[in-house]
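Bear in mind the structure is a predicted one, so any value in this text is a computation, not a measurement. Keep in mind that the numbers below use all heavy atoms, side chains included, and drop hydrogens, waters and symmetry copies.
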Number of protein chains: 4
Amino acid sequence: MSPRVVDRDQRKREIALAALELFAQNGFEATSISEIAQAAGISKGSIYLYFNSKEDLIFHAVAMWVDQMMEQTGSEAPSDLPPPQRLRSLVHAMVEIFVSDERSVRIAAAIFQLFVTNPRMLEHRDLARELFQDARKAIIDILLDGVAQGIFRPGTAQEAEGIAINLLAYLDGIGLHYYMSRSYFDLMDQVDLYLDHLLRNLTDLSRRPGAQI
Amino acid sequence: MSPRVVDRDQRKREIALAALELFAQNGFEATSISEIAQAAGISKGSIYLYFNSKEDLIFHAVAMWVDQMMEQTGSEAPSDLPPPQRLRSLVHAMVEIFVSDERSVRIAAAIFQLFVTNPRMLEHRDLARELFQDARKAIIDILLDGVAQGIFRPGTAQEAEGIAINLLAYLDGIGLHYYMSRSYFDLMDQVDLYLDHLLRNLTDLSRRPGAQI
Amino acid sequence: MSPRVVDRDQRKREIALAALELFAQNGFEATSISEIAQAAGISKGSIYLYFNSKEDLIFHAVAMWVDQMMEQTGSEAPSDLPPPQRLRSLVHAMVEIFVSDERSVRIAAAIFQLFVTNPRMLEHRDLARELFQDARKAIIDILLDGVAQGIFRPGTAQEAEGIAINLLAYLDGIGLHYYMSRSYFDLMDQVDLYLDHLLRNLTDLSRRPGAQI
Amino acid sequence: MSPRVVDRDQRKREIALAALELFAQNGFEATSISEIAQAAGISKGSIYLYFNSKEDLIFHAVAMWVDQMMEQTGSEAPSDLPPPQRLRSLVHAMVEIFVSDERSVRIAAAIFQLFVTNPRMLEHRDLARELFQDARKAIIDILLDGVAQGIFRPGTAQEAEGIAINLLAYLDGIGLHYYMSRSYFDLMDQVDLYLDHLLRNLTDLSRRPGAQI
DNA sequence: CATGAATGAGACTTCATTCAT
DNA sequence: GATGAATGAAGTCTCATTCAT
């Protein structure tokens with residue numbers, strides 16, 4: 001029917017991938033179509049055969065990055081450990097990405113700026129929501145599993161989504177703070193401190209849930 | 001002998017203020033000197049009488065914003081409350097800024113992008129550190145006060161800085177997540193959840209410190 | 001596959017040529033990229049498709065001018081004349097360029113100013129040296145030929161390069177003086193006076209070389 | 001009548017002097033009024049109390065420089081030497097200025113460019129002529145003296161002005177060439193070669209004048 | 001007299017986008 | 001489908017000059 005559809009999408013991905021690399025290094029605004037074309041081994045004009053505008057390209061690149069992140073972290077959860085260790089393991093894997101590849105924080109920063117700033121991006125709010133969906137789900141699964149196993153206190157179940165949201169927000173926050181003023185604290189230590197407090201709460205079977213202090 | 005008298009610092013502040021407004025709307029890169037000049041009711045060339053470059057202007061604007069934030073939140077802490085409530089009150093005040101003035105998150109996003117991306121900003125790493133210094137100190141003070149009053153468990157003292165760092169990182173993270181995908185969760189609820197967990201830990205006088213789970 | 005075909009080097013030459021014309025009229029600094037673009041019948045931005053900067057353009061334009069000069073004067077030497085006449089003929093040809101085309105002196109003045117003033121041009125000192133190389137060689141050839149034919153005294157051979165250097169420096173100097181205060185002397189008469197003195201020395205077979213007076 | 005006329009002229013000289021220094025370093029176009037004002041320890045606006053425009057300032061500065069040069073070289077001629085040595089001594093003194101103070105060549109280059117290029121400067125052609133007048137006269141005096149003493153051949157008298165013109169043009173030319181491609185030849189050696197040839201001609205009492213070769 | 005704040009034109013340069021080939 | 005030459009708007013920054021004080 002439509003010939004070479006696959007090729008076309010493949011090409012889009014290649015370009016978006018090359019673009020992503022550059023976005024990570026310099027941010028969206030500071031990356032020019034010229035550079036992207038060169039990095040993708042394609043002509044400047046051809047970019048526009050695949051994307052309608054720079055914004056469109058940015059959008060696709062971001063979406064692709066989100067997918068990548070999902071796969072990368074999703075696959076890291078070894079399911080044979082007890083829930084607390086599994087949670088810690090998952091979080092460590094996420095942080096490891098930040099630590100091992102500075103790009104990710106840069107892209108994250110660029111994305112935040114993009115979504116928070118650019119009104120046109122608000123139309124894609126759903127993308128933003130999806131962005132963390134898988135990660136959130138992975139965390140919630142572990143939490144519910146812990147409840148089922150009697151390791152986490154029952155109240156955890158209804159707090160699960162909130163906990164996941166907070167955890168992911170925290171991870172982005174600490175990553176940004178860390179890279180902003182390179183290392184006046186130890187990233188992993190801080191993350192462990194967070195996890196310590198969290199897990200202590202979850203495993204404290206004695207207390208009543210929801211009591212505000 | 002004495003020409004048109006102008007308070008130079010006052011003028012710098014005015015320009016930086018106008019710039020800040022635009023930075024909050026569009027980010028640093030997307031804001032042009034022209035726009036700033038127009039917003040400040042001044043000619044384009046005059047900007048350079050007060051700032052050596054756009055980067056310089058950004059830098060001053062950011063520093064000014066930091067100072068503003070400090071004053072705003074610093075004054076909000078009613079010191080006659082017991083430490084837990086005081087902490088909650090302080091954090092609420094901080095979040096209130098996010099909620100009441102979208103600008104602040106935008107500026108925060110812009111700053112993160114700037115520092116994480118722009119290599120030249122790394123020279124101002126100290127600024128980045130200072131940025132949170134006062135806030136950190138305010139939190140630590142409350143924590144230590146709580147220990148002194150026997151309300152927080154003793155181990156809190158040595159964890160105080162880590163707790164403060166995490167709290168501030170979390171607040172930025174949750175703010176960014178919140179504005180990125182406008183309100184698929186309630187911001188204040190999430191923050192309260194965070195505080196609940198934190199305070200429960202701190203007020204749990206029975207446990208031994210530092211035991212990792 | 002093959003888009004609008006343009007001979008890139010040809011285009012560069014066209015632009016440089018248009019620029020040269022303006023440089024000759026106004027000097028390097030006083031000539032704007034806008035003017036060059038207009039003169040070349042091209043858009044301002046397109047200039048930068050061919051040259052990296054204004055300095056680069058100046059550099060190429062100067063190099064092109066040098067080549068032009070070389071060809072123009074190099075072809076003028078009729079080799080069947082006896083050496084003294086050949087030298088006079090060559091020099092006359094050089095002066096003729098000055099006289100017939102005021103541009104050349106202007107460009108020379110601009111080049112001198114550029115090289116003497118702009119520290120960045122010192123990196124291209126080799127260009128400056130090359131600039132006169134061919135002309136120097138042409139003069140030296142005639143001198144050595146004259147020695148071989150027994151018309152110039154033998155000592156001429158070892159002085160040849162110095163004589164060539166002086167002759168070329170003189171020509172530039174007299175050209176500049178001439179155009180600076182338009183014609184309170186006759187250019188060609190002065191040049192002939194210089195040649196008279198020079199040739200009289202070279203053809204004076206009786207004297208010992210190197211005796212300083 | 002008109003009070004403080006002296007002060008005013010003195011002030012003009014001070015400013016022009018400061019300007020001259022900068023012109024020598026950077027050329028006319030590249031020197032800003034701001035810099036001149038700062039160097040002169042005066043306010044930018046005040047410059048315009050003394051000069052109508054930048055061009056006016058340039059003009060006065062150049063005129064002042066000419067005067068300076070005159071005084072400097074004029075006083076250097078020790079009149080008790082025999083004419084050939086006196087000529088060499090005078091020329092050496094002139095070259096010494098080039099060698100000891102790079103500024104002079106830079107200013108010379110700037111002046112050449114200015115006069116050759118700027119049409120408005122042509123109105124001051126007389127200044128250009130005057131520029132070399134004293135130097136020319138000093139050279140002619142020596143030549144005529146030499147003729148009177150029977151050391152230079154009689155024909156020298158009628159050639160005297162042409163010789164002076166050529167000598168001065170040569171000196172500028174060799175100075176420019178020298179500074180353009182820093183020292184691929186020895187400046188003083190070249191000048192001496194020029195003088196050798198010149199003096200040999202002048203002291204060759206046997207030959208008939210004006211015979212063209 | 002003197003100041004220096006203010007201006008606005010214009011400098012160089014970059015870049016997303018278009019279009020003839 | 002692919003190219004890359006061309007554009008023109010917009011960006012940052014400089015500077016001679018004016019003018020209220």
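- A straight line from CD of A/Gln38 to C1' of E/dC15 spans 15 Å, rounded to a whole angstrom.
- B/Arg11 has a side-chain polar atom (N or O) that falls below the 4.0 Å cut-off from OP1 or OP2 of E/dA6.
- Position along DNA chain F of the nearest nucleotide to B/Ile33 versus A/Ile47 favours A/Ile47 as the more 5'-ward residue.
- As rounded to whole Å, 15 Å separates atom P of E/dT14 from atom NZ of C/Lys54.
- Closest approach of B/Ala19 to B/Leu57, counting heavy atoms only: CB-CD1, 4.2 Å.
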When you compare the protein's N or O atoms with those of nucleotides 8-10 of chain E, which come within less than 3.5 Å of each other, and at what distance?
{"from": "E/dG10", "atom 1": "O6", "to": "B/Lys44", "atom 2": "NZ", "distance (Å)": "3.4"}

| request: Report the secondary structure of DNA chain E in dot-bracket form, marking unpaired bases with a dot and bases paired to a different strand with |, and treating Watson-Crick or G-U pairs with both distances under 3.5 Å as paired. | output: .||||||||||||||||||||

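- With a 6.0 Å radius and a threshold of 12 heavy atoms from other residues, nucleotides or ligands, A/Glu55 has its CD atom above the threshold.
- What separates CZ of A/Phe51 from P of E/dT17 is a distance of 13 Å, to the nearest Å.
- Considering every non-hydrogen atom in both C/Gln113 and D/Gly27, the closest pair reads NE2-CA, 3.6 Å.
- Distance, A/Asn52 CG to E/dT17 P: 10 Å, rounded to whole Å.
- Comparing B/Phe28 and C/Gly41 by the nucleotide of DNA chain F that holds the closest heavy atom to each, the one mapping nearer the 5' end is C/Gly41.
- When distances are taken from the side chain of B/Leu49 to each of F/dT17, E/dT17, E/dA6, the shortest belongs to E/dA6.
- For C/Lys54 against C/Phe28, the heavy-atom pair with the smallest separation is NZ-O, 3.2 Å.
- With rounding to whole Å, B/Ile42 atom CD1 is found 15 Å from F/dC13 atom C1'.
- In this structure, D/Ile36 atom CD1 and F/dC15 atom C1' are separated by 12 Å, rounded to whole Å.
- Between the CG atom of B/Asp7 and the P atom of E/dA6 there is a distance of 11 Å, rounded to whole Å.
- When all heavy atoms are compared, the tightest approach of A/Lys12 to A/Tyr50 is CE-O, 3.5 Å.
- The side chain of A/Tyr50 contributes an N or O atom lying less than 4.0 Å from OP1 or OP2 of F/dA2.
- Going from atom CG of C/Leu57 over to atom C1' of E/dC12 covers 12 Å, rounded to whole Å.
- Listed here is the closest heavy atom pair of A/Asp56 and A/Phe51: OD2-CA, 3.6 Å.
- For the residue pair B/Ala61 and B/Ala16, the shortest heavy atom distance occurs at CB-O, 4.0 Å.
- Other residues, nucleotides and ligands contribute more than 12 heavy atoms inside 6.0 Å of the CD atom of B/Glu102.
- In terms of position on DNA chain E, the residue among C/Ser34 and A/Tyr48 whose nearest nucleotide sits closer to the 5' end is C/Ser34.
- With no hydrogens or angles considered, no side-chain donor-acceptor pair links C/Gln25 and C/Glu21 at under 3.5 Å.
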